[in-house]
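Residue numbering restarts at 1 for every chain, and letters A, B, ... go by the order of the sequence lines. Note that the structure is a prediction, hence the values are computed from the model and not measured.
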Amino acid sequence: MTENTAADPNFYDVHAAQEKWLPIWDDIAPFRSGRADDTRPTKYVLDMFPYPSGDLHMGHAEAYALGDVIARYWVHQGFNVMHPIGWDAFGLPAENAAIKRGANPQTWTYENIAVQKASMRRYACSFDWDRVLNTCDPEYYKWNQWLFLKMYERGLAYRKDSAVNWCPSCQTVLANEQVVGGLCERCDSQVTKKKLNQWYFKITDYADRLLDDMKQLEGAWPEKVLLMQRNWIGRSKGAEVVFDIEGRDEPVTVYTTRPDTLFGATFMVVAVDSDLAAELAAGSDTEADFNTYLEQVKATSEMDRLSTDRPKTGVFLNRYAINPVNGERLPIWASDYVLADYGTGAIMAVPAHDQRDLDFAKTFDLPIRVVVESETDPAVTGEATADDGAHVNSGPLDGLGKVEAISAMIDSLVADGKGKSATNYRLRDWLISRQRFWGTPIPIIHCEACGEVPVPLDQLPVELPDASTLDLSPKGTSPLGAADQWAVVPCPSCGASARRDADTMDTFVDSSWYYLRYLNPQLDTAPFEPAEANKWLPVDQYVGGVTHAILHLLYSRFFTKVLNDMGMVDFNEPFTRLLNQGMVLMDGSAMSKSRGNLVKLSEEIDSNGVDAIRLAMVFAGPPEDDIDWAEVSPGGAKKFLARAWRLAGDVTSPADADASTGDVALRKVTHKVVADSQLAIETYRFNVAVARAMELVNATRKAIDSGCGPSDPAVREAAEAVAIILSCVAPYTAEEMWERLGHAPAVALAPWPTVDSKLLVEDEVECVVQVNGKIKERLQVSPSISQADLEALAMGQSAIVDALAGATPKTVIVRAPKLVNIVVA
RNA sequence: GCCCCUGUAGCCCAAUCGGUUAGAGGCACACGACUUAAAAUCGUGCCAGUGUGGGUUCAAGUCCCACCAGGGGUACCA
């Protein structure tokens, strides 16, 4: 492809440059971090690690290009930057691929890792190749097990029976995120609920800290992500109220955010699928109706439950609760609009002031009592009123507003022993059991005599058995359970024959602490060294997709807080700054094979080169925005890179030329561009930084062709600045330029150009003089002119005197040195 | 339904604090130079008054309100 043009000294052969520099960089290893004698201050730049599903795709190309800009920029700024990469290598796709082809998930995974690794090397990210990790290596997942056992010791890992998402076709438990619109994401079967005994991490213990510590992240994480996390945790403040139940010894507690409306309660509702409902219905003459209704609800798919205005359904249990504030008998109903796993699974219904309760009351003709004054009558309009207002029909609360009424009611409930203030969360504990092979075995042994017994730490890791001896096809229980040779072991406690827990961990466990393992992926005495962790972490810059806005980031924050409690790290948030890059689309929609709009990264690189792809990605727009590949121009990027490269070839001054003697006009552009691009990179406006570099290239071209000429030292200064700025985005081109400019590699280690602030100051700036906002005159003034001098100067202009025509100015606004506005009424 | 984000030339995007007659950069397009010609290269040019309607202000792309359009999140959380 280069035969005809290679001889042309003005032809930039990008592919030859790629071949040329890779081995040299391998040799220099400019991005090796953490050498013992390195005195530079540290920075930690982290890219979300990939899942090895195949070769790298366009999405990876964008994400890694962006993270690399920051990492390389910080190296130029003199930091000791740790920028590691690894593979999130456990998970379903490997297992499914293995089932499909009768292969081993391990083989499939490691082959894909090798492919991705080769592509990453060619893509020239500034990764530190001495710090690589794979989560499917026993050396890694051993520490998942270790952390699990530490959590277990602290009561943070526990087992319970719970209704979990179940795919009847795949015969397996699904995580919440694997349920898409009520359907299994893999086979589109309707997902049902199943009661299973599973392992959980007690993340709810950390709900308050997960919420409150977000204050540290404000301004440094996207507001959107913080908001999503807040909503996900869903803290609400209210009260618990105790209701006696006729014919039952135990009272029932309900949770409400509006205890002030207790006088307006006209019935109680319990979740139809709760134990409480079953117990209350037992023996009642409506028990048969209840059972029919329960079966109906169970048969209702998740899909149907999602529909917005489904009519309210329910059944009366023929039981009564006693309102603690006025002794009224409240009929108890069972319904599916009350959730069994939120609050206490039972509510007091106040139809006048809660829309759902009102809908229910109207359906079943239950009484509606207004206790907060409002202009409209909910019973008539069908609209519950939830606004603040004076309380009525509420005994001692009458006349009070919402806030006072809530606290008065809580005080009164506390005094009577009938309630207290309470906080509730949407956040649930994290279900980590998976009935799958390709994951970390849970290090617990079940013994008939001793119960659940932790695997002793010195017996870790519990390694996965050889997959080739197992049937991996989904059948409702973990494939590991059938591996008797692996599963049957003596109980560590009593020595009797026992069985290993056959489930594996959710792969989100792997990614919850991997950023600590990079510190020393080979360490075999601990998951990481606390001293190293405190030196490098928290991560200064995390880069990844917004798809992980809740789960991964929440889990990582949880793990960090647990490790903090364990005394292993001295910080409590793992990621100081977070950047979410957008998606790479094609013709307006996500790329997919079935849609036929897949763009192959390898082909794009073949036609335009690595640098052009990286530049096109970075220049396409703000990093948070989606990129439509149909709208970007890798060809244009390639052209620009060649233009920059030619600049370096035109420079004729010696490498040690004194820039301070160079052409001042070009020097001003250079220093302005360096200062601007620096600010742009620090504020994630990488596209603007590239635009500034283009500006400098244009100015330098002009200087060479029709200005100070190629021998002026200012031209060298400009070309070197271009090379350094460009090295954040287009490393091959920058290195080529650096060499042509007479320097030894690597340009990546060249210090960021020092900005001479004297060159940023203009000699003169234009000042506009307005009368009533209309421009009447322009003046060339010194940038340091005083307000008073500028006003005097402006008022003295003949154009202004004419424009005023004798009128007396009402106000004169002076914004030196750029603007004077004379207001004449 | 609720919450959040975004609307600037044909297209992608710029525009610290509200401050010049909205333009840094790119794509596309047109023209010129070079060339026998083309490509490449170099140069020149082109186009909007900032989604719509109000408001605040001496001054609004920028702040406030309403609406429209596009995108995202969430879903009976009591």
Would you list the protein and nucleotides 54-65 of chain B atom pairs, both N or O, that sit under 3.5 Å from each other?
{"residue": "B:C58", "atom": "O2", "partner": "A:Asn821", "partner atom": "ND2", "Å": "2.5"}

Separation of [N] [atom2] from [X] [atom1] (nearest whole Å):
| X | N | atom1 | atom2 | value |
| --- | --- | --- | --- | --- |
| A:Leu330 | B:A78 | CG | P | 20 Å |
| A:Glu624 | B:G71 | CD | P | 20 Å |
| A:Leu790 | B:G19 | CG | P | 17 Å |
| A:Met348 | B:A78 | CE | P | 12 Å |
| A:Asn608 | B:C27 | CG | C1' | 14 Å |
| A:Asp628 | B:G70 | CG | C1' | 14 Å |
| A:Met617 | B:C27 | CE | C1' | 16 Å |
| A:Asp357 | B:A78 | CG | P | 12 Å |

Next on the checklist: Just confirming the chi classification of B:G53, syn or anti, using 90° around 0 as the syn window.
Outcome noted: anti
Item to check | For B:C29, glycosidic torsion class - syn if within 90° of 0, otherwise anti | outcome: anti
Rounding to an integer number of angstrom, what distance separates [N] and [M] when you compare their [atom1] atoms?
| N | M | atom1 | result |
| --- | --- | --- | --- |
| B:A24 | B:C65 | P | 33 Å |
| B:U44 | B:G51 | C1' | 34 Å |
| B:U50 | B:A33 | C1' | 37 Å |
| B:G45 | B:G23 | C1' | 16 Å |
| B:A9 | B:G26 | C1' | 13 Å |

Would you mind pulling out the nucleotide paired to [N], Watson-Crick or G-U wobble, both distances under 3.5 Å?
| N | value |
| --- | --- |
| B:C46 | none |
| B:G61 | none |
| B:C67 | B:G51 |
| B:C2 | B:G73 |
| B:C27 | B:G10 |

Checklist entry - Does a nitrogen or oxygen in the side chain of A:Tyr337 sit under 4.0 Å from OP1 or OP2 of B:A78? => result no
Item to check | Within residues 698-710 of chain A or reaching into it, pairs that qualify as side-chain hydrogen bond (donor to acceptor under 3.5 Å, both in side chains) - sequence neighbours excluded | outcome: A:Arg643-A:Asn698, A:Asp650-A:Arg701, A:Arg701-A:Asp705
Next on the checklist: For A:Asp208, give me all partners under salt bridge (Lys or Arg N to Asp or Glu O under 4.0 Å), at least two apart in sequence or on another chain.
Outcome noted: A:Arg235
Identify the pairs formed between an N or O of the protein and an N or O of nucleotides 30-34 of chain B at a distance under 3.5 Å, and give each distance.
none

Does the side chain of [X] come under 3.5 Å of the side chain of [Y] through a donor N or O and an acceptor N or O?
| X | Y | result |
| --- | --- | --- |
| A:Arg685 | A:Thr683 | yes |
| A:Thr733 | A:Tyr12 | yes |
| A:Trp629 | A:Glu604 | yes |

Next on the checklist: My understanding is that only one of A:His353, A:His391, A:Lys402 makes a side-chain hydrogen bond (donor to acceptor under 3.5 Å, both in side chains) with A:Asp260; could you say which?
Outcome noted: A:His391
Next on the checklist: Set out, in order, the CA-CA distance, both residues' side-chain angles and the distance that settles side chain to side chain donor-acceptor pair (under 3.5 Å) for A:Tyr337 and A:Thr313, then state yes or no.
Outcome noted: CA-CA 8 Å; A:Tyr337 86 88; A:Thr313 56; over 6 Å; no
Item to check | Aromatic plane relationship, A:Phe364 with A:Phe360 - under 30° parallel, 30 to 60° tilted, over 60° perpendicular | outcome: tilted
Checklist entry - Reckon A:Glu695 touches a base, only the sugar-phosphate, or nothing at all at heavy-atom distances under 4.0 Å? => result sugar-phosphate
Next on the checklist: Need one value for A:Arg230: base, sugar-phosphate or nothing, where a base atom within 4.0 Å counts as base even if backbone is also close, heavy atoms only.
Outcome noted: nothing
Checklist entry - Where do A:Thr204 and A:Asp429 land on the side chain to side chain donor-acceptor pair (under 3.5 Å) test, with the steps shown first? => result CA-CA 6 Å; A:Thr204 53; A:Asp429 278 340; 2.7 Å; yes
Item to check | Under 4.0 Å protein heavy-atom contacts per nucleotide of nucleotides 11-16 of chain B, with B for base, S for backbone only and - for none | outcome: -SSSSB
Item to check | Contact letters for nucleotides 41-46 of chain B, in which S counts primed atoms plus P, OP1 and OP2 and B counts the base, heavy atoms under 4.0 Å | outcome: SSSS--
Checklist entry - Which residue lies toward the 5' end of RNA chain B, A:Ala637 or A:Lys818, if each is placed at its nearest nucleotide? => result A:Lys818
Checklist entry - With no hydrogens and no angle check, is any side-chain donor or acceptor of A:Gln797 less than 3.5 Å from a backbone partner on A:Leu793? => result yes
Checklist entry - Any Lys/Arg nitrogen of A:Asp341 or A:Arg428 sitting under 4.0 Å from an Asp/Glu carboxylate oxygen of the other? => result yes
